[in-house]
Amino acid sequence: MFRLSKKALYAIEAVLDIAYHAGAEPVQSREITRRQGIPRRYLEQALQQLVREGILVGVRGPRGGYRLARERRRISVGDIARVVRSVEVTEGSDKNLSESDLGQMVVQPLWDVLQDEMMTHLDSTSIDDLCDKARAQGVESEGRRTLDFTI
């Protein structure tokens, strides 16, 4: 079965968590770990990659954490998957896995088409879309409880 890597899924969950649970303060990685169960060592690597690529902004200090670098409707799931994928490809490229003619001329092109179709779907899905889905499913947002709109 064709799937995203665990690293990519963790990165998507982390960005979604930051978008969905964001309040007045940045979201701390320990809170993401508590809510999502993502191991800290994977989470920290993913968050740093996402900061370097402009998806997230890291806020330093005792009350620091992470915020989205742009509006959640302007961040696609494909953007996040590409950040993690670019690291995985440089660590060990999966191009031309097969040595045979059938593999290179038939199977690899099929795989490439499937990956392109999946990325098209991920690119058309924003973090805002996923937040709307979470809200519709009744997932409680911890950040909304801490927001105070006094003027």
Do [X] and [Y] have side-chain heavy atoms sitting under 4.5 Å apart?
X: Ile55; Y: Val15; result: yes
X: Val113; Y: Glu117; result: yes
X: Lys7; Y: Gln49; result: no
X: Tyr10; Y: Pro39; result: yes
X: Met119; Y: Arg82; result: yes
X: Glu13; Y: Asp17; result: no

Heavy-atom pair of closest approach, residues [X] and [Y]:
X: Ile38; Y: Ala14; value: CD1-N, 4.3 Å
X: Arg63; Y: Pro26; value: O-CD, 3.6 Å
X: Ala19; Y: Ile127; value: CB-CG2, 3.4 Å
X: Gly103; Y: Pro109; value: O-CD, 4.3 Å

Rounded to the nearest 0.5 Å, how far does [atom2] of [Y] lie from [atom1] of [X]?
X: His21; Y: Ile32; atom1: NE2; atom2: CD1; answer: 9.5 Å
X: Glu31; Y: Thr33; atom1: CD; atom2: OG1; answer: 9.0 Å
X: Leu50; Y: Leu56; atom1: CG; atom2: CG; answer: 5.0 Å

Just by distance, do the side chain of [X] and the backbone of [Y] share a donor-acceptor pair under 3.5 Å?
X: Arg74; Y: Ser126; answer: no
X: Asp123; Y: Thr120; answer: no
X: Gln28; Y: Gly64; answer: yes

Task: Under-4.0 Å salt bridge between Arg30 and Glu44 - done: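 Answer for the salt bridge query: no.
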Task: Salt-bridge contact Asp128-Arg135 (side-chain N to carboxylate O under 4.0 Å) - done: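 Salt bridge flag = no for Arg135 with Asp128.
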Task: Audit row: Asp79, Arg70, side-chain contact (heavy atoms from CB on, under 4.5 Å) steps and yes/no - done: CA-CA 12 Å; Asp79 294 337; Arg70 53 189 187 261; 3.2 Å; yes
TODO: Name all pairs fulfilling the ring-ring contact (aromatic ring centres under 6.0 Å, His included) condition that reach into residues 66-85, sequence neighbours left out, sorted by first residue then second.
DONE: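 Not a single pair qualifies under ring-ring contact (aromatic ring centres under 6.0 Å, His included).
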- [ ] For Arg73, enumerate each residue passing the side chain to side chain donor-acceptor pair (under 3.5 Å) test, keeping only those at least two apart in sequence or located in another chain.
- [x]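 Result, side chain to side chain donor-acceptor pair (under 3.5 Å) vs Arg73: Glu71.
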TODO: Mind running side-chain contact (heavy atoms from CB on, under 4.5 Å) on Val27 and Arg35 for me, showing each step along the way?
DONE: CA-CA 11 Å; Val27 177; Arg35 285 189 291 259; 3.4 Å; yes
Open item on the list: Grouping I, L, V, M, F, W and Y whenever their side-chain heavy atoms are under 4.5 Å apart, do Val51 and Val57 come out in a common cluster?
Closed with: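 Val51 does not cluster with Val57.
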Open item on the list: Taking Leu47 as the starting point, is it possible to reach Leu9 by hopping between hydrophobic residues whose side chains are less than 4.5 Å apart?
Closed with: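 Yes, it is one cluster - the side chains of Leu9 and Leu47 are joined through contacts under 4.5 Å.
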Open item on the list: My understanding is that only one of Leu16, Asp129, Leu130 makes a side chain to side chain contact (heavy atoms under 4.5 Å, CB included) with Val77; could you say which?
Closed with: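 When Leu16, Asp129, Leu130 are each tested with Val77, the side chain to side chain contact (heavy atoms under 4.5 Å, CB included) holds only for Leu130.
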